[in-house]
Amino acid sequence: MASWRSVLVILLALNACAAPREDVGASLATAQSLHWLVETTNGQFLGSATAVGDQTLLTNRHVVQAAGGATLIVRRGKHALPVEVQQVSQDADVASLRTTVRLAVFAERLAVVQPGAPLAVAGAIAGQTYTGTGRLDRAERRAPVRDGLLTARLPVAPGFSGGPVVDHGGGLVGLVVATVVGSTTEARRLAAAGPDHAPTERPALLLPARAALQLCPRDACPALYRADEAQEHRGDLTGG
């Protein structure tokens with residue numbers, strides 16, 4: 001009997017090691033599929049955007065303002081699309097963009113996540129796309145912790161602003177708003193980083209997807225509204 005118990009324990013241990021707890025590859029692929037670069041028509045890289053409807057993207061207000069009124073495009077590789085700024089929030093760091101060309105891939109559900117949950121992010125440095133993984137802040141105070149923003153630890157840099165953050169199942173958690181740096185020197189180093197410098201994990205601030213929906217009309221993002229309504233009764237603090 002003892003030998004059978006030993007075998008069973010070994011088999012259970014092997015099974016636990018073999019079973020992936022998080023589908024990291026799938027979540028990274030989802031984040032990348034939702035991500036677009038935001039640029040001016042003369043090639044100035046501004047930041048990132050997240051596809052949330054078949055013709056709608058969300059980015060940060062500060063990304064749009066950095067254009068100084070110049071005409072914008074969104075780009076993925078060699079595929080560039082003209083966009084118009086639809087709305088710019090006065091309350092949150094978010095703006096909506098609309099393209100006349102329908103997007104094949106966009107966010108279709110919101111994520112409900114708890115502190116410590118695994119996350120995937122997509123963004124860019126100097127116009128080159130990067131993806132990475134991290135976790136929502138485990139702090140006991142729980143996110144959102146200030147101004148309605150979530151806190152996380154993610155490999156991000158200034159060009160990630162407006163980029164998508166998704167959970168392990170591919171649900172949209174929110175948009176990158178800012179990186180948290182410890183000094184002016186570090187901020188300058190990040191700003192000067194070239195495309196060969198992959199971002200390293202650091203504290204990041206995220207705008208929850210539910211808050212960003214204020215600039216996404218129901219008819220432009222029907223899937224996200226349906227997902228939001230289905231989750232309302234759960235009353236989770238992060239709320240996607």
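All heavy atoms count here, side chains included; hydrogens, waters and symmetry mates do not.
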Asker: From Q55 CD over to C221 SG, what is the distance, rounded to the nearest 0.5 angstrom?
Answerer: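 Between Q55 CD and C221 SG, I get 11.0 Å after rounding to 0.5 Å.
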Asker: Following the transitive rule for hydrophobic clusters with a side-chain heavy-atom cut-off under 4.5 Å over Ile, Leu, Val, Met, Phe, Trp and Tyr, establish whether V105 and V101 coincide in one cluster.
Answerer: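 The answer is no; the residues belong to distinct hydrophobic clusters.
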Asker: Has R75 got a side-chain atom pairing as donor or acceptor with G77's backbone, closer than 3.5 angstrom?
Answerer: yes
Asker: Taking the side chain as C-beta and beyond, is there a heavy-atom pair between W36 and H79 under 4.5 Å?
Answerer: yes
Asker: Would you say the side chain of V38 lies within less than 4.5 Å of the side chain of V83, judging by non-hydrogen atoms?
Answerer: no
Asker: With rounding to the nearest 0.5 Å, note down the distance linking CD1 in I125 to CZ in F45.
Answerer: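 It comes to 8.5 Å.
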Asker: Verify, without hydrogens or angle tests, whether D167 (side chain) and G169 (backbone) share a donor-acceptor contact under 3.5 angstrom.
Answerer: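 Flag set: sc D167 to bb G169 pair under 3.5 Å.
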Asker: Can you tell me how far CZ of R76 sits from CG of L103, rounded to the nearest 0.5 angstrom?
Answerer: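 Between L103 CG and R76 CZ, I get 8.0 Å after rounding to 0.5 Å.
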Asker: Can you tell me how far apart CG (L72) and CG (L81) are? Round to the nearest 0.5 Å.
Answerer: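 Those atoms lie 12.5 Å apart.
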Asker: Check whether D54 reaches the backbone of R102 with its side chain - one donor and one acceptor, N or O, closer than 3.5 Å.
Answerer: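 Not at all, since once roles are kept as given, no pair shorter than 3.5 Å links the two residues.
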Asker: Give a yes or no on whether a salt bridge exists between R218 and D228, defined as a side-chain N under 4.0 angstrom from a carboxylate O.
Answerer: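 No, no charged N to carboxylate O under 4.0 Å.
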Asker: Closer than 3.5 angstrom, by distance alone: can the side chain of S48 be matched with the main-chain N or O of G159 as a donor-acceptor pair?
Answerer: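 Side chain of S48 to backbone of G159: a pair is present.
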Asker: Mind checking whether V94 and V85 sit in one hydrophobic cluster, side chains of I, L, V, M, F, W, Y counted as touching below 4.5 Å?
Answerer: no
Asker: Are L150 and V113 co-members of a hydrophobic cluster defined by side-chain heavy atoms under 4.5 Å apart?
Answerer: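 Cluster IDs for V113 and L150 match.
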Asker: Do any N or O atoms from the side chain of T179 and from the backbone of P158 form a donor-acceptor pair under 3.5 angstrom?
Answerer: no
Asker: Might you point out which heavy atoms bring G170 and T30 nearest each other, and give the distance in Å?
Answerer: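 In terms of heavy atoms, the two residues are closest at O-CG2, 3.6 Å.
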Asker: Give me the atom names and distance for the closest heavy-atom approach of A70 to T40.
Answerer: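 Heavy atoms of A70 and T40 come nearest at CB-CG2, 3.9 Å.
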Asker: Among the clusters formed by ILVMFWY side chains lying less than 4.5 Å apart, do V166 and L57 turn up in the same one?
Answerer: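 Per the 4.5 Å side-chain linkage, V166 and L57 are not co-clustered.
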Asker: Looking at every non-hydrogen atom in both residues, tell me the closest pair between L172 and V52 and how far apart they are.
Answerer: CD2-CG1, 4.1 Å
Asker: State the CG-CG distance between L110 and L213, to the nearest 0.5 angstrom.
Answerer: 5.5 Å
Asker: Check whether any side-chain heavy atom of N60 sits under 4.5 Å from a side-chain heavy atom of V177, and report yes or no.
Answerer: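 With C-beta onward as the side chain, the pair touches.
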Asker: Has the side chain of R98 got a donor or acceptor atom that lies under 3.5 Å from a matching backbone atom of A220?
Answerer: no
Asker: Any idea which heavy atoms bring G162 and L175 closest together, and the distance?
Answerer: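 Looking at all heavy atoms of both residues, the shortest contact is O-CD2, 4.0 Å.
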Asker: Output yes when a side-chain donor or acceptor of E229 lies under 3.5 Å from a complementary backbone atom of R226, and no otherwise.
Answerer: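 Side chain of E229 to backbone of R226, a donor-acceptor pair under 3.5 Å: no, none is there.
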Asker: To the nearest 0.5 angstrom, please state how far the OG1 atom of T129 sits from the CD atom of Q32.
Answerer: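 Between atom OG1 of T129 and atom CD of Q32 there are 6.5 Å.
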Asker: Using the side chain to side chain contact (heavy atoms under 4.5 Å, CB included) rule, take T151 and L205 through it: C-alpha gap first, then chi angles, then the decisive distance, then the call.
Answerer: CA-CA 5 Å; T151 60; L205 299 178; 3.8 Å; yes
Asker: Is there a side chain to side chain contact (heavy atoms under 4.5 Å, CB included) between T59 and V64? Walk through the geometry before answering.
Answerer: CA-CA 8 Å; T59 186; V64 169; 3.7 Å; yes
Asker: I'd like to know if the side chain of R61 and the backbone of A95 have a donor-acceptor N/O pair within less than 3.5 Å.
Answerer: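 The answer is no, because no donor-acceptor pair under 3.5 Å joins these two groups.
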Asker: Applying side chain to side chain contact (heavy atoms under 4.5 Å, CB included), run through L154 and L206 and close with a yes or a no.
Answerer: CA-CA 10 Å; L154 291 164; L206 317 177; 4.1 Å; yes
Asker: What I want to find out is whether E201 reaches R153 closely enough, with some N-O distance under 4.0 Å, to be called a salt bridge.
Answerer: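 Yes.
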Asker: Looking at D219, is its backbone amide N or carbonyl O close enough to the side chain of Y225 to form a donor-acceptor pair, meaning the two atoms are under 3.5 Å apart?
Answerer: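 Not at all, since once roles are kept as given, no pair shorter than 3.5 Å links the two residues.
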Asker: Do V121 and P155 have side chains that approach each other closer than 4.5 Å (heavy atoms only, starting at C-beta)?
Answerer: yes
Asker: Of the non-hydrogen atoms in S89 and L215, which two are nearest, and what is the gap between them?
Answerer: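 Heavy atoms of S89 and L215 come nearest at N-CD1, 3.6 Å.
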Asker: If Ile, Leu, Val, Met, Phe, Trp and Tyr residues are connected whenever their side-chain heavy atoms lie under 4.5 Å apart, and connections chain through other members, are V176 and V63 in the same group?
Answerer: no
Asker: For residues T50 and G163, report the shortest heavy-atom separation together with the two atoms involved.
Answerer: OG1-C, 3.3 Å
